Colleague: 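I have a structure I would like to understand better, so I am pasting it below and will then ask my questions one at a time.
All figures in this text were calculated on a predicted structure; none of them were measured in a lab.
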There are 2 protein chains.
Amino acid sequence: MSVDRASHPGHTPSEETLEQAREMLRAYMARKGLRSTDQRRVIVDTFLASADHVSIEELLTRVRSHDPRVGYATVYRTLKLLTECGVANERQFGDGLTRFELADESSHHDHLICTACNGITEFEDERVESIQDEIAARYGFRLRSHKHELYGICQTCQARK
Amino acid sequence: MSVDRASHPGHTPSEETLEQAREMLRAYMARKGLRSTDQRRVIVDTFLASADHVSIEELLTRVRSHDPRVGYATVYRTLKLLTECGVANERQFGDGLTRFELADESSHHDHLICTACNGITEFEDERVESIQDEIAARYGFRLRSHKHELYGICQTCQARK
DNA sequence: CTCATTGCAAATAATTTGCATGTAA
DNA sequence: TTACATGCAAATTATTTGCAATGAG
């Protein structure tokens with residue numbers, strides 16, 4: 001399972017993006033009367049420092065390298081929190097695992113998925129972005145996120161056959 | 001020009017489309033030495049007669065109204081077969097259920113999903129279709145299927161709030 | 001006859017939840 | 001002090017699988 005980011009160098013979220021994400025979370029927690037704990041801080045920091053498409057499994061491993069006593073239920077609960085407040089988006093690519101992305105990032109790229117090797121390649125196309133806004137407007141939808149995934153066989157797997 | 005299919009909810013696949021699907025299945029089964037059984041016939045017929053986005057649950061209910069002794073494992077196995085031979089596509093809209101669509105149909109429309117009421121609206125836009133082909137070509141992908149989903153709040157739910 | 005297929009129940013796998021204990025505020 | 005949060009294990013949910021019996025070719 002490989003992620004091709006070569007086509008979009010400098011793809012790491014900017015400090016500004018991260019600060020915006022933290023602010024959304026802070027506001028949501030304040031509004032709901034939620035508390036800031038060591039676990040939430042570690043999980044959020046780890047998530048924000050991770051590449052896209054992290055699974056709960058991967059995240060838990062990385063979180064435990066900082067604090068081994070974090071339970072997996074807490075990771076699930078915190079990622080659900082991040083999703084609710086709009087910082088993260090859930091994705092299912094068909095391999096049975098739920099993955100998470102920074103919401104801001106997922107609005108800037110989409111995915112090509114190889115059904116042979118499960119490899120994920122990112123792509124970006126502004127034309128599609130604007131068409132999406134147009135379609136949402138046509139139906140009176142307030143757009144929150146989107147998924148655009150192309151499934152097929154990648155060049156490498158075609159050659160290997 | 002884009003075609004709004006959501007305003008044609010009574011849409012059904014043409015006889016030709018259905019015949020093509022049956023032929024793909026027949027060819028696949030012949031090639032793999034698979035057998036035609038009562039259960040498979042009922043399940044396939046029911047699937048082809050169903051609206052898009054059927055879940056296993058819904059399908060099983062409809063199948064059992066024809067033949068009450070069909071087991072749910074058989075429905076799973078048959079839908080997997082339909083997916084393998086290219087007749088059906090699996091989809092996950094985030095409500096925890098896997099849904100299935102006729103592959104031909106899913107290449108002609110995409111989805112707007114309301115995260116408040118879980119309502120699914122279909123849309124179609126030819127521009128996106130051709131951009132997808134272009135992107136796949138750019139990465140050397142042999143395209144098999146795609147998912148394009150816009151998540152947000154529908155007009156009705158916005159008003160209700 | 002042979003071997004694919006089926007139904008059932010048990011097994012998996014991912015995620016959620018109940019609850020006693022811990023801890024921000 | 002007062003809820004919210006956590007860890008753990010048990011519960012849930014969707015899907016898969018083992019296996020003996022059945023049935024297609």
Colleague: When the distance from CZ of B:Phe100 to C1' of D:dT15 is rounded to whole Å, what number comes out?
Modeller: 10 Å
Colleague: Please check if any side-chain donor atom of A:His108 sits under 3.5 Å from a side-chain acceptor atom of A:Glu129, or the reverse.
Modeller: no
Colleague: Take atom CZ of B:Arg99 and atom C1' of D:dT13, then tell me their distance rounded to the nearest Å.
Modeller: 15 Å
Colleague: Taking CZ from A:Arg41 and P from C:dA24, how many angstroms apart are they, rounded to a whole number?
Modeller: 8 Å
Colleague: Pick base, sugar-phosphate or nothing for A:Arg77, based on heavy-atom distances below 4.0 Å to the nucleic acid.
Modeller: base
Colleague: Please compare B:Val70 and B:Gly33 by the position of their nearest nucleotide in DNA chain C and report the one closer to 5'.
Modeller: B:Gly33
Colleague: So, is B:Thr98 close to the D:dT15 phosphate, meaning a side-chain N or O under 4.0 Å from OP1 or OP2?
Modeller: yes
Colleague: Using a cut-off of strictly less than 4.0 Å, decide whether A:Arg69 has a side-chain nitrogen or oxygen near OP1 or OP2 of D:dG7.
Modeller: no
Colleague: Identify, between B:Asp38 and B:Ile56, the residue whose nearest nucleotide on DNA chain D lies closer to the 5' end.
Modeller: B:Ile56
Colleague: Reckon B:Tyr76 has a side-chain N or O less than 4.0 Å from the OP1 or OP2 of D:dT15?
Modeller: yes
Colleague: Just wondering, do A:Phe47 and A:Thr78 contact through their side chains at under 4.5 Å, heavy atoms?
Modeller: no
Colleague: Rounded to whole angstroms, how far apart are CG on B:Leu79 and P on D:dA14?
Modeller: 15 Å
Colleague: Ignoring backbone atoms, test whether B:Gln39 places a side-chain nitrogen or oxygen under 4.0 Å from the OP1 or OP2 oxygen of C:dG7.
Modeller: yes
Colleague: Give the rounded distance in Å between these two atoms: OH of A:Tyr28 and P of D:dC4.
Modeller: 14 Å
Colleague: Rounded to whole Å, how long is the line connecting atom CZ of B:Phe93 with atom P of D:dA14?
Modeller: 17 Å
Colleague: Can you confirm whether the side chains of B:Thr98 and B:Arg91 place a donor and an acceptor under 3.5 Å from each other?
Modeller: no
Colleague: Of all the nucleotides listed (D:dT6, C:dA14, C:dT6), which has the minimum atom distance to the side chain of B:Thr74?
Modeller: C:dT6
Colleague: Nearest whole angstrom, please: distance from the C1' of D:dA5 to the OH of A:Tyr72.
Modeller: 17 Å
Colleague: Any N or O donor-acceptor pair linking the side chain of A:Arg35 to the base of D:dA3 at under 3.5 Å?
Modeller: yes
Colleague: Take A:Ala73 and A:Met29, find for each the nucleotide of DNA chain D with the closest heavy atom, and name the residue whose nucleotide sits nearer the 5' end.
Modeller: A:Met29
Colleague: In whole angstrom, what separates B:Leu97's CG from D:dT15's P?
Modeller: 7 Å
Colleague: Would you kindly say whether B:Tyr139 and A:Gln155 are connected by a side-chain donor-acceptor distance under 3.5 Å?
Modeller: no
Colleague: Taking atom types as modelled, is there a side-chain donor on A:His53 or A:His111 under 3.5 Å from an acceptor on the other?
Modeller: yes
Colleague: If you check every side-chain atom of B:Leu34, which of C:dA4, C:dT6, C:dT15 has the closest atom?
Modeller: C:dA4
Colleague: If only side-chain N and O atoms of A:Thr37 are considered, is one of them under 4.0 Å from the OP1 or OP2 phosphate oxygen of D:dC4?
Modeller: no
